[in-house]
Number of protein chains: 2
Amino acid sequence: MSTTSGSEQLLRSAQLRVTRPRVAVLDAVHDHPHADTEQIISSVRARLGDVSHQAVYDVLKALTLNGLVRRIQPSSSVARYEARVGDNHHHVVCRGCGSIADVDCAVGETPCLTATEDHGFTIDEAEVIYWGTCPGCAASSAPDS
Amino acid sequence: MSTTSGSEQLLRSAQLRVTRPRVAVLDAVHDHPHADTEQIISSVRARLGDVSHQAVYDVLKALTLNGLVRRIQPSSSVARYEARVGDNHHHVVCRGCGSIADVDCAVGETPCLTATEDHGFTIDEAEVIYWGTCPGCAASSAPDS
DNA sequence: CCACAAACTTGAACCAGTCAAGAATTGCAC
DNA sequence: GTGCAATTCTTGACTGGTTCAAGTTTGTGG
């Protein structure tokens with residue numbers, strides 16, 4: 001029986017211990033892209049029963065440090081996590097409902113990383129957030145006709 | 001006597017009431033770009049005496065809504081405010097000390113706004129945050145030689 | 001100058017996230 | 001299969017930035 005789910009392999013390759021909470025958290029992030037911490041906790045508990053929020057926070061921190069998940073946190077929003085890492089993509093955030101979608105940058109790779117770095121900073125990552133309105137919110141906020 | 005400081009005119013042109021707290025907050029944001037709320041409160045109190053933090057929060061919200069200041073909030077950081085609005089520029093954030101500097105986008109105007117909008121979102125703003133290391137932190141974290 | 005509405009003060013509550021100490025698991029060696 | 005050491009999970013409390021609510025003060029138009 002190949003209980004070696006992809007998540008388990010990912011954990012091992014990152015030299016992290018394989019525990020049920022960790023596998024469940026990683027699966028949850030894979031299943032629900034852009035989920036916030038509360039959603040992840042719910043998802044994990046639905047799978048394992050009781051898991052402390054503390055464990056989830058700790059796991060998410062460990063996964064983030066090891067590059068297995070990426071943490072994104074638009075202004076006025078709680079932290080969200082996604083499993084697509086390494087791929088250089090960005091996000092659209094709806095001002096209405098806060099939903100997030102992935103977008104690839106039109107520029108290609110390493111978008112805008114060639115900023116005119118006036119201030120001597122060593123830039124290693126460019127994070128782009130597009131603000132706008134999702135189709136659903138656009139429809140419900142345009143009753144004007 | 002031209003007590004009509006630039007801030008006062010800005011407030012009037014935005015149809016906002018001109019009060020001492022508002023003028024002081026607006027001045028503080030102009031004087032200290034990328035200041036967090038606590039710094040703004042200190043600056044305002046140094047100028048006016050006692051002002052409730054609540055007033056500052058309220059003023060900042062009003063100014064943000066009216067486009068007089070811009071709120072920026074990198075992950076793992078408190079809210080910061082800046083007075084340069086309308087100008088399409090972005091920010092470099094130091095992972096070490098959290099300091100922020102302005103950068104103009106290399107692409108020119110409305111950077112990357114031509115994202116491949118796969119999901120039907122109506123994009124109205126592109127926010128770019130460059131992550132890296134400032135000269136000071138780079139120097140202090142490279143004692144390796 | 002008056003009256004109304006908007007803005008400020010005070011005080012408390014909120015909530016995501018963090019810290020700390022102890023119990024339970026995991027992975028590895030034998 | 002067993003046992004040990006280190007890591008990880010649980011429990012519980014706490015922090016700090018931000019927001020909410022009620023009441024008083026201030027600014028602005030008439």
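All heavy atoms count here, side chains included; hydrogens, waters and symmetry mates do not. Below, read A as the first sequence line, B as the second, and so on, with proteins coming before strands; counting in each chain starts at 1.
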Engineer: If you link I, L, V, M, F, W and Y whenever their side-chain heavy atoms are under 4.5 Å apart, who else ends up in the same group as B/I40?
Structural biologist: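 Result for B/I40 is B/L10, B/L11, B/L16, B/V18, B/V23, B/V25, B/L26, B/V29, B/I41, B/V44, B/L48, B/V51, B/V56, B/V59, B/L60, B/L63, B/L68, B/V69, B/Y81.
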
Engineer: Starting from C1' on C/dC8, measure out to CG on B/L11 and report it in whole angstrom.
Structural biologist: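 Rounded to whole Å, this separation is 15 Å.
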
Engineer: What residues form a salt bridge (Lys or Arg N to Asp or Glu O under 4.0 Å) with B/E127, not counting sequence neighbours?
Structural biologist: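 Partners of B/E127 by the salt bridge (Lys or Arg N to Asp or Glu O under 4.0 Å) criterion come out as none, since no residue qualifies.
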
Engineer: Mind checking side-chain contact (heavy atoms from CB on, under 4.5 Å) for B/E38 and listing every partner two or more places apart, or none if nothing turns up?
Structural biologist: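 B/D36.
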
Engineer: Can you sort out the partners of B/D27 under side chain to side chain donor-acceptor pair (under 3.5 Å), two or more places apart, ordered by chain and number?
Structural biologist: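 With neighbours one apart ignored, the set is B/S7, B/R47.
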
Engineer: CD of B/Q15 versus P of D/dT28: gap in Å, rounded?
Structural biologist: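 Atom-to-atom, B/Q15 to D/dT28, this comes out as 13 Å.
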
Engineer: Can you list the residues that meet the side chain to side chain donor-acceptor pair (under 3.5 Å) rule with A/H32, with sequence neighbours excluded?
Structural biologist: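 Here no residue qualifies.
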
Engineer: Can you list, by residue number, the residues of residues 34-49 of chain B that have a non-hydrogen atom closer than 4.0 angstrom to DNA chain C?
Structural biologist: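 Here the set is empty: none.
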
Engineer: Can you pull out every salt bridge (charged side-chain N to carboxylate O under 4.0 Å, His left out) where at least one residue sits in residues 62-85 of chain B? Sequence neighbours excluded, please.
Structural biologist: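 Every salt bridge (charged side-chain N to carboxylate O under 4.0 Å, His left out) pair that includes a residue of residues 62-85 of chain B, provided the two are not neighbours, is B/R70-B/E82.
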
Engineer: When you get a sec, tell me which of D/dC9, C/dG17, D/dT18 is the closest nucleotide to the side chain of A/A55?
Structural biologist: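 Nearest nucleotide to the side chain: D/dC9.
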
Engineer: To the nearest Å, how far apart are A/L60 CG and D/dT8 C1'?
Structural biologist: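 About 14 Å, once rounded to whole Å.
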
Engineer: Please tabulate the protein-to-nucleotide N/O contacts below 3.5 Å involving nucleotides 20-27 of chain D, giving atom names and distances.
Structural biologist:
residue : atom : partner : partner atom : Å
D/dC20  : N4   : B/Q54   : OE1          : 3.0
D/dC20  : N4   : B/Q54   : NE2          : 2.7
D/dG27  : N2   : B/R17   : NH2          : 3.3

Engineer: Taking B/H119 for its side chain and A/D102 for its backbone only, find out whether a donor-acceptor pair lies under 3.5 Å.
Structural biologist: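 Here the side-chain-to-backbone pair exists.
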
Engineer: Could you state the atom-to-atom distance from CG of B/L16 to P of D/dG29 in whole Å?
Structural biologist: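 Whole-Å distance recorded here is 13 Å.
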
Engineer: It should be established whether B/Y57 places a side-chain nitrogen or oxygen under 4.0 Å from OP1 or OP2 of nucleotide D/dT19.
Structural biologist: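 For B/Y57, the contact criterion (side-chain N or O under 4.0 Å from OP1 or OP2 of D/dT19) is not met.
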
Engineer: Atom CZ of B/R22 to atom P of C/dA6: distance rounded to whole Å?
Structural biologist: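 Value for this atom pair: 11 Å.
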
Engineer: Angle between the two end axes of the helix from C/dC1-D/dG30 to C/dC30-D/dG1, five base pairs per end, rounded to 10 degrees?
Structural biologist: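 One end axis against the other gives 40°.
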
Engineer: Identify, between A/D58 and B/S77, the residue whose nearest nucleotide on DNA chain D lies closer to the 5' end.
Structural biologist: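 Looking at DNA chain D, the more 5' nearest nucleotide goes with A/D58.
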
Engineer: Consider the side chain of A/P21, meaning its heavy atoms from C-beta on, and name the nucleotide among D/dT10, D/dC9, C/dG17 that approaches it most closely.
Structural biologist: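 Of all the options, the side chain of A/P21 is nearest to D/dC9.
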
Engineer: Sequence neighbours excluded, which residues qualify as salt bridge (Lys or Arg N to Asp or Glu O under 4.0 Å) partners of B/R20?
Structural biologist: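 Not a single residue meets the salt bridge (Lys or Arg N to Asp or Glu O under 4.0 Å) criterion with B/R20.
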
Engineer: Which residue pairs pass the salt bridge (charged side-chain N to carboxylate O under 4.0 Å, His left out) test with at least one member in residues 55-68 of chain B, sequence neighbours excluded?
Structural biologist: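 Found none.
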
Engineer: What is the nucleic acid contact for A/A62, judged by heavy atoms within less than 4.0 Å: base, sugar-phosphate only, or nothing?
Structural biologist: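 Result for A/A62 = nothing.
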
Engineer: Could you tell me whether a side-chain N or O of B/S43 sits under 3.5 Å from a main-chain N or O of B/Q39, the two making a donor and an acceptor?
Structural biologist: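 It does not hold such a pair.
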
Engineer: B/R45: which residues meet the side chain to side chain donor-acceptor pair (under 3.5 Å) condition with it, sequence neighbours left out?
Structural biologist: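 B/R45 satisfies side chain to side chain donor-acceptor pair (under 3.5 Å) with no residue once adjacent residues are dropped.
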
